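Data block below; observations after.
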Protein chains: 4
Amino acid sequence: MKKLGVKDRIIETASDLFYNNGYNQTGINQIIDEAGVAKASMYMHFRSKEDIAVAYLKRRHISWVSDLQDFVSNQITNREKLIASFDYLDSWLSSVNYRGCGWQNIITDLPHDHDKIRDQAVLHKNDVRVWVHSLLKDEDNLSDNEAMQLGDELVILLEGAIILSQIQKNKWPIEVAKRAAKKLLK
Amino acid sequence: MKKLGVKDRIIETASDLFYNNGYNQTGINQIIDEAGVAKASMYMHFRSKEDIAVAYLKRRHISWVSDLQDFVSNQITNREKLIASFDYLDSWLSSVNYRGCGWQNIITDLPHDHDKIRDQAVLHKNDVRVWVHSLLKDEDNLSDNEAMQLGDELVILLEGAIILSQIQKNKWPIEVAKRAAKKLLK
Amino acid sequence: MKKLGVKDRIIETASDLFYNNGYNQTGINQIIDEAGVAKASMYMHFRSKEDIAVAYLKRRHISWVSDLQDFVSNQITNREKLIASFDYLDSWLSSVNYRGCGWQNIITDLPHDHDKIRDQAVLHKNDVRVWVHSLLKDEDNLSDNEAMQLGDELVILLEGAIILSQIQKNKWPIEVAKRAAKKLLK
Amino acid sequence: MKKLGVKDRIIETASDLFYNNGYNQTGINQIIDEAGVAKASMYMHFRSKEDIAVAYLKRRHISWVSDLQDFVSNQITNREKLIASFDYLDSWLSSVNYRGCGWQNIITDLPHDHDKIRDQAVLHKNDVRVWVHSLLKDEDNLSDNEAMQLGDELVILLEGAIILSQIQKNKWPIEVAKRAAKKLLK
DNA sequence: AATGAATGAGACTTCATTCAT
DNA sequence: TATGAATGAAGTCTCATTCAT
């Protein structure tokens, strides 16, 4: 394990804590203790706790989207890739004990003025939406408009599967969403 | 305006604050101040902040489900009622500026040991699920199993529409979910 | 020594520290440590550090003015009382090692938004000014206008004596001011 | 606009901040940010924050005394020059919104061990005192002793006018001090 | 049944200074 | 000469809960 710089150690530690324990449940002191960093060092790299959360979400976005695309890459058709997205949810969420989506989790119980965090959530969800649209737009039998409409429906299913599996601590919502997705994709 | 008892005043005040400002953002002091109640009086009626949240969720469950059923009551067929459920989401969520679902919001960023709150979320979601199932089971052309499967798919769409409209601060996810629901219902 | 309540202990401790060590040099932690009070108890009684300073200044105002009036009370004429005011400065300031005036000290290096503290300083200085005026207005040979003009001149001498004795750590400015006051009073 | 060296930039920036915002309110980081200087560079030129304050006070002393002397230079007699000193206070203090005297401000709320700063305040006030004395010593009708006594009285009036105008945020104390000075000067 | 004072533990943030390059 | 990362200590303030009356 190679030695990380202070900033990376902070992001990594905070990411674990924010995702697994929650943003409000994670204090600055816990982050610096576990990262082995002085408090003022942390505030050299991040102006506020919210900024750490932004860094966490940015980093997570890159790896999450990358993992998703890797997961579905061995599927041949775009439709198959989209169906496989639900298998990705399954493998991901069961591996984190249905802890749910980092962006959903952080956005639902947030002080009203934390706009930078909200922005990250919107960016993340938009990127996923655009990716879904792009896969469908390459399909011959769909107009651009149809592709976007169908894509949005799949996006809703993905979101619903994530949040409901988190509440139920069970994978059935993912399976249900996958089945519904298959129906909608014909 | 009739005078409320202490306990009711606490629940009512806390409900507003928990839903609109968030559970972690709402302090005990704010609740008792706005409710006009002494602190120790509050702790006479509720063992902890978590218990207030449980009372809030119980009360909200009753009124939310009741509002939903009222909203769809003028629809004739059960299928129409289910479609109208998405219109209910629309009217509800736009009226609260897309603040989202009280149970989703409270469950996503919660200390790990708050099981009583988690239980309420599960109860709420199960009741909605059972209600959807029951409407479909009355439909002649569906087997019980088909009714449950289809119902679960609708439930996923409802959940996805709520959370995504909250993130996007927009109603489009609700419209999309409604369109998808219509397709699935044939 | 009778046992003081928490609030009084806080004010008393803070008063000592604010006056002798300075407002900015005195931390909340030092106050609660020396007062033997929990931090949250302090914030129950005072909304902020600034509010403690206001309480300190209010209490100090009462005792300072009272001490001044006691000190000069054995003088017969009002002119003699005013002259004796400079002797009061002498005895007071030498007893506190020329630490200077609590209001001057706190107002000169203060964050810009501490208006409540500034208000207290203005109130204090105005009360002293009014007292000086009132003594002179009772003098037969002065019109009201002359009394106010002469009084203001004495007030300036008092202020100048205080601040300069503090900088010089010496009583000569007080003696000089007294001599000038005698001249102005004829 | 000529380019300043690092040290001068630091002093200039710190001077603005110390005088206008206060010594305790001005942080090292703000100084280096606004001066555009690296932190360690600053500590190369100054051993501590206190040393920057000393440099600030030294530079301010030169310019302040010089401005005063320029202001009164067109007066013919020394008595007129001294009277005009109060006009200088007026023009200076109103131009800085009655921010008061840099030395008074920094000395009143200072950690106890900042002797170098205290020394600067004493030096400054002594220089002013000596200047006042020197003007009066040149007057034919005063003995050296009378000149010093009268000079000290004027000094007290100057000090009192400065601090009281700062507290009152008003020029009346300056006018009053000027009137008293005229009386004392006969 | 009801009060509000008191609490210990923690929240987030900033301080002036030093170190390693 | 110059840099900016890193630090320990301290800053002000808030948390949910309990105690004494």
Side-chain angles (χ1 to χ4, degrees), chain A residues 5-7 9-10 23-33 35-53 111, chain B residues 5-7 23-33 36-53 111 114, chain C residues 5-7 9-10 23-33 35-53 111, chain D residues 5-7 23-33 36-53 111 114:
Chain A
V6 168
K7 186 165 185 176
R9 255 182 7 252
I10 294 169
Y23 178 71
N24 289 298
Q25 270 54 54
T26 302
I28 287 291
N29 288 323
Q30 193 180 2
I31 294 172
I32 63 162
D33 283 353
V37 166
K39 202 174 284 190
S41 305
M42 205 216 73
Y43 276 95
M44 259 241 334
H45 292 287
F46 301 96
R47 199 183 303 274
S48 67
K49 186 186 175 188
E50 185 181 10
D51 279 8
I52 305 178
Chain B
V6 167
K7 187 164 183 174
Y23 178 71
N24 289 297
Q25 272 55 56
T26 302
I28 286 290
N29 287 321
Q30 193 180 1
I31 293 172
I32 62 164
D33 283 353
V37 167
K39 192 171 285 193
S41 303
M42 199 216 75
Y43 274 95
M44 274 229 338
H45 291 288
F46 300 95
R47 195 185 304 276
S48 67
K49 186 185 177 187
E50 185 181 11
D51 280 7
I52 304 178
H114 280 37
Chain C
V6 168
K7 184 165 186 175
R9 257 186 2 257
I10 294 168
Y23 177 72
N24 289 297
Q25 270 53 56
T26 302
I28 287 291
N29 288 321
Q30 193 180 1
I31 295 173
I32 62 163
D33 283 352
V37 165
K39 200 172 288 187
S41 305
M42 206 216 71
Y43 277 95
M44 258 241 334
H45 292 287
F46 301 96
R47 199 183 303 274
S48 67
K49 186 186 175 187
E50 185 180 11
D51 279 7
I52 305 178
Chain D
V6 168
K7 187 165 185 174
Y23 178 71
N24 289 297
Q25 272 56 55
T26 301
I28 287 289
N29 286 320
Q30 192 181 2
I31 294 172
I32 61 164
D33 283 353
V37 167
K39 191 171 285 192
S41 303
M42 200 218 73
Y43 274 95
M44 275 228 340
H45 291 288
F46 300 96
R47 195 184 305 274
S48 68
K49 186 185 175 187
E50 184 181 12
D51 280 8
I52 304 178
H114 281 38

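In the text below, chain A, chain B and the rest are named by the order of the sequence lines, each starting its count at 1. The analysis underlying the following values was restricted to heavy atoms, covering all of them including side chains, and did not include hydrogens, waters or symmetry mates. On a predicted model such as this, the values are computed, not experimentally measured, just so you know.
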Checklist line | Any side-chain heavy-atom pair of A:Ile52 and A:Met42 under 4.5 Å | finding: yes
Notebook entry, point to check: If you pin A:Val37 and C:Gln30 to their nearest nucleotides in DNA chain F, which one's is more 5'?
Noted result: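 Its nearest nucleotide being more 5', the pick is A:Val37.
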Margin query: Assuming nearest nucleotide by heavy-atom distance, tell me which of C:Lys49 and D:Ala38 is located more 5' along DNA chain F.
Written below: D:Ala38
Can you tell me if the side-chain N/O atoms of [X] get under 4.0 Å from OP1 or OP2 in [N]?
X: C:Tyr43; N: F:dT14; value: no
X: A:Asn29; N: E:dA11; value: yes
X: A:Ser41; N: F:dA5; value: no

Rounded to the nearest angstrom, tell me the gap between atom [atom1] in [X] and atom [atom2] in [N].
X: B:Ile31; N: F:dT14; atom1: CD1; atom2: C1'; value: 14 Å
X: C:Asp33; N: E:dG8; atom1: CG; atom2: C1'; value: 13 Å
X: D:Ile28; N: E:dA16; atom1: CD1; atom2: P; value: 6 Å
X: D:Asn24; N: F:dA10; atom1: CG; atom2: C1'; value: 14 Å

Checklist line | Residue mapping more 5' on DNA chain E - nearest nucleotide basis, A:Met42 or D:Tyr23 | finding: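 Looking at DNA chain E, the more 5' nearest nucleotide goes with A:Met42.
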Margin query: Go nucleotide by nucleotide along DNA chain E from the 5' end; which of A:Gln25 and D:Arg47 gets its closest nucleotide reached first?
Written below: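 Upstream on the strand: A:Gln25.
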Item checked: C:His45 and C:Asp51: CA distance, side-chain angles, deciding distance, side-chain contact (heavy atoms from CB on, under 4.5 Å) verdict -> CA-CA 9 Å; C:His45 292 287; C:Asp51 279 7; over 6 Å; no
Ignoring the backbone of [X], work out which of [options] is nearest its side chain.
X: B:His45; options: F:dG4, E:dA2, E:dG8; value: E:dA2
X: C:Met44; options: F:dA6, E:dA2, E:dG4; value: E:dG4
X: D:Val6; options: F:dA2, F:dA16, F:dT7; value: F:dA2
X: A:Ser48; options: E:dA1, F:dG4, E:dT13; value: E:dT13

Notebook entry, point to check: Which one is paired to F:dA10, where only Watson-Crick or G-U wobble pairs with both distances under 3.5 angstrom count?
Noted result: E:dT13
Checklist line | Any-strand Watson-Crick or G-U partner of F:dA20, both distances under 3.5 Å | finding: E:dT3
Next item on the list: Examine the base of E:dT13 for any acceptor or donor lying under 3.5 Å from a partner atom in the side chain of A:Lys39, and report the outcome as yes or no.
Entry: yes
Notebook entry, point to check: Which pair of non-hydrogen atoms, one from B:Ser48 and one from B:Tyr43, has the smallest distance, and what is that distance?
Noted result: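 Minimum heavy-atom contact is CA-CE2, 4.2 Å.
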Next item on the list: Report the distance from atom NZ of B:Lys49 to atom NE2 of B:His114, rounding to the nearest 0.5 Å.
Entry: 7.5 Å
Checklist line | Euclidean distance, C:Ser41 OG relative to C:Ile32 CD1, rounded to 0.5 Å | finding: 8.5 Å
